[in-house]
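Encoded as structure tokens, the structure appears first; notes follow it.
These values consider heavy atoms only, across backbone and side chains, with no hydrogens, waters or symmetry-generated copies. Ligands are counted one by one from 1 in listed order, and the atoms in each one are counted from 1 as well.
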Amino acid sequence: MKRLLSGIQPTGKLTLGNYIGALQQFVKLQDELEDTELFIFIADLHAITIPQNRQELKKNIRSVAALYVACGLDPNKVNLFVQSEIPEHAQLGYVMESTAYVGEMERMTQYKDKKGKQAEGIRTSLLTYPALMAADILLYDADIVPIGDDQKQHLELTRNLAVRFNNAYGQTFTVPEGYYTKTGARIMSLTEPTKKMSKSAENPKSYILLLDDLAQVRNKIKSAVTDSDGLIKYDPKKKPGISNLLTIYSALTEYSIKQLEEMYEDKNYQVFKADLAEIVADALRPIQSKYFEIMNGTELDKILDHGAEKARVVAQRKLVKVYKKLGLGRIR
Ligand code: AMP
Ligand code: TRP
């Protein structure tokens with residue numbers, strides 16, 4: 001039996017880009033993969049590498065978990081849990097810090113980027129973050145790790161650390177493979193379609209949040225930037241705006257981009273946008289109602305408790321094995 005594992009940052013606002021680029025893919029994987037155990041966790045320990053508001057973090061942990069379930073993650077197929085509830089993550093994280101070199105950490109491009117953005121002191125954990133991420137993965141002997149491109153370097157490091165540990169102490173960890181979603185799934189800003197749709201953008205009209213009010217969603221689609229030649233054709237270089245809208249339309253329906261081009265051959269942008277506005281609203285409506293149902297009910301705690309129970313068994317067994325190999329404590 002194989003294992004798939006991924007972590008999600010507990011940031012409150014997920015966009016349509018996250019949905020099409022990540023959540024939809026998870027849901028597909030859960031339905032398609034056979035003979036695979038799936039673990040997905042909310043990476044709350046990773047969140048405190050930068051300052052967080054306590055109340056907000058608390059809320060976001062639940063909110064992100066609920067959104068994943070609302071988007072179709074099936075708790076019967078996926079073990080969904082909160083990272084900090086399994087202490088072995090931090091414990092193996094320390095072992096990974098004792099496997100990795102400082103130079104390796106300092107080379108990570110995400111660290112260099114994030115470091116520059118910190119107004120005050122840079123937390124040590126921001127530097128050692130990839131060791132914790134390696135622990136997250138190796139603790140479960142994950143074979144497949146779905147991640148965005150920006151996490152590729154961290155996964156490579158994880159693979160190196162697994163091999164290094166195995167060479168030094170004997171076969172202990174599975175060396176994981178990254179799973180990258182196909183291209184074309186990258187959703188761009190609605191106001192500046194050459195940039196990625198991002199929740200940290202200044203202009204809220206540039207992104208659609210999964211929990212945006214539906215009237216607002218329709219307006220954002222209708223006012224999305226397009227070009228002036230009026231042709232509904234996919235050409236991301238020359239026509240990034242309409243191409244992005246075609247990508248969204250195709251991702252949320254059964255239609256290929258080619259079919260959409262044919263369907264809208266004689267139509268103008270206004271008609272196309274009005275149709276797309278309804279399609280996006282129809283996609284978000286059931287997600288939002290399920291989300292509020294979950295947030296207001298008791299189901300979510302049961303899901304997260306169950307996920308943590310499953311994860312704990314695997315994690316505890318692995319950590320004992322690792323400590324033993326290192327000669328720690330009095331385990332024989
Ligand atoms: P982030 O929100 O940047 O931490 O990304 C979380 C996940 O969503 C990663 O797998 C990203 O690749 C994916 N993602 C974020 N923004 C987009 C986007 N605009 N288009 C497609 N995928 C995205
Ligand atoms: N670092 C990942 C991100 O920023 C989240 C993450 C933490 C993760 N631990 C992981 C992803 C383990 C995959 C596997 O998106």
Side-chain angles (χ1 to χ4, degrees), residues 3-29 38-50 60 64 67-68 71 81-84 86 89-90 92-93 96 108-111 113-114 125-126 128-159 161-162 174 176-201 206-210 236 240 243-244 247-248 250-252 311 315:
R3 281 211 189 109
L4 173 146
L5 171 133
S6 195
I8 313 157
Q9 294 269 7
T11 35
K13 301 170 173 174
L14 290 178
T15 67
L16 190 64
N18 292 127
Y19 179 66
I20 293 171
L23 278 91
Q24 246 191 355
Q25 308 282 337
F26 277 149
V27 173
K28 239 198 228 144
L29 279 174
L38 299 103
F39 290 92
I40 293 185
F41 65 92
I42 313 299
D44 59 344
L45 290 174
H46 286 281
I48 62 166
T49 53
I50 54 173
N60 286 342
V64 169
L67 261 178
Y68 268 73
C71 286
F81 66 97
V82 180
Q83 184 188 28
S84 65
I86 312 293
H89 284 252
L92 189 65
M96 286 299 123
M108 296 291 124
T109 51
Q110 195 176 64
Y111 169 66
D113 288 351
K114 287 198 175 175
S125 57
L126 192 66
T128 57
Y129 174 117
L132 181 57
M133 178 159 163
D136 296 337
I137 297 169
L138 301 180
L139 200 47
Y140 298 90
D141 280 320
D143 304 276
I144 314 162
V145 183
I147 38 171
D149 280 344
D150 61 331
Q151 297 300 316
K152 203 170 188 159
Q153 207 184 16
H154 296 157
L155 190 83
E156 281 310 310
L157 177 66
T158 302
R159 290 166 55 87
L161 297 180
T174 300
E177 299 281 342
Y179 177 95
Y180 303 93
T181 53
K182 302 145 219 74
T183 48
R186 202 178 143 130
I187 305 304
M188 311 307 277
S189 154
L190 297 177
T191 50
E192 292 173 86
T194 50
K195 291 189 186 158
K196 194 172 117 165
M197 181 184 284
S198 163
K199 59 203 156 214
S200 46
S206 71
Y207 53 75
I208 288 176
L209 298 180
L210 296 182
S243 301
N244 185 39
T247 303
I248 295 172
S250 173
L252 298 179

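- For the ligand labelled ligand 1, residue Lys199 lies inside the 4.0 Å heavy-atom shell.
- Under the side-chain hydrogen bond (donor to acceptor under 3.5 Å, both in side chains) criterion, Gln9 pairs with Tyr129, not counting sequence neighbours.
- For Phe81, the ring pair (Phe, Tyr, Trp, His ring centres under 6.0 Å) partners are Phe41, His89, Tyr140, not counting sequence neighbours.
- Atoms of ligand 1 lying under 4.0 Å from any heavy atom of Arg186, numbered from 1 in the order shown and given with element: 20 (N), 21 (C).
- Distance check: Asp136 CG to Leu45 CG gives 8.0 Å after rounding to the nearest 0.5 Å.
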May I have every N or O pair linking ligand 2 to the protein at under 3.5 Å, one per line with atom names and distance?
unit_1: ligand 2; atom_1: 1 (N); unit_2: Tyr129; atom_2: OH; d: 2.4
unit_1: ligand 2; atom_1: 1 (N); unit_2: Gln151; atom_2: OE1; d: 3.0
unit_1: ligand 2; atom_1: 4 (O); unit_2: Gln9; atom_2: NE2; d: 3.1
unit_1: ligand 2; atom_1: 4 (O); unit_2: Tyr129; atom_2: OH; d: 3.0
unit_1: ligand 2; atom_1: 4 (O); unit_2: Gln151; atom_2: NE2; d: 3.2
unit_1: ligand 2; atom_1: 9 (N); unit_2: Asp136; atom_2: OD2; d: 2.7

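- Ranked by closest heavy atom to atom 10 (O) of ligand 1, the top entry among Gly148, Ala43, Gly17 is Gly148.
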- request: Could you please spell out the steps behind the side-chain contact (heavy atoms from CB on, under 4.5 Å) verdict for Asp149 and Tyr180?
  value: CA-CA 7 Å; Asp149 280 344; Tyr180 303 93; 3.8 Å; yes

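- Going from atom CE of Met96 over to atom CG of Leu157 covers 10.0 Å, rounded to the nearest 0.5 Å.
- Annotation: side-chain contact (heavy atoms from CB on, under 4.5 Å) contacts of Ser125 (sequence neighbours excluded): Thr49, Arg123, Thr128.
- Enclosure of atom NZ in Lys199 by more than 12 non-hydrogen atoms of other residues, nucleotides or ligands within 6.0 angstrom is indicated.
- Heavy-atom distances between Gln9 and ligand 1 stay at or above 4.0 Å for every pair.
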message: Determine whether Tyr19 and Cys71 satisfy the following criterion, side-chain contact (heavy atoms from CB on, under 4.5 Å), listing intermediate values before the conclusion.
response: CA-CA 8 Å; Tyr19 179 66; Cys71 286; 3.6 Å; yes

message: Could you walk me through whether Asn244 and Leu190 satisfy the side-chain contact (heavy atoms from CB on, under 4.5 Å) test, starting with their C-alpha distance in whole Å, then the side-chain angles of each, then the deciding distance to 0.1 Å, before giving a yes or no?
response: CA-CA 8 Å; Asn244 185 39; Leu190 297 177; 4.1 Å; yes

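- Residue contacts with ligand 1, taken as heavy atom pairs separated by less than 4.0 Å, do not involve Met188 at all.
- Looking at ligand 1, you'll find an N or O of Ile187 within less than 3.5 Å of one of its N or O atoms.
- Those atoms of ligand 1 with a heavy atom of Ala22 less than 4.0 angstrom away are 7 (C), 8 (O), 10 (O).
- Donor-acceptor pairing under 3.5 Å is lacking for the side chains of Ser206 and Glu192.
- Close to ligand 1: Asn18, with a non-hydrogen atom less than 4.0 angstrom away.
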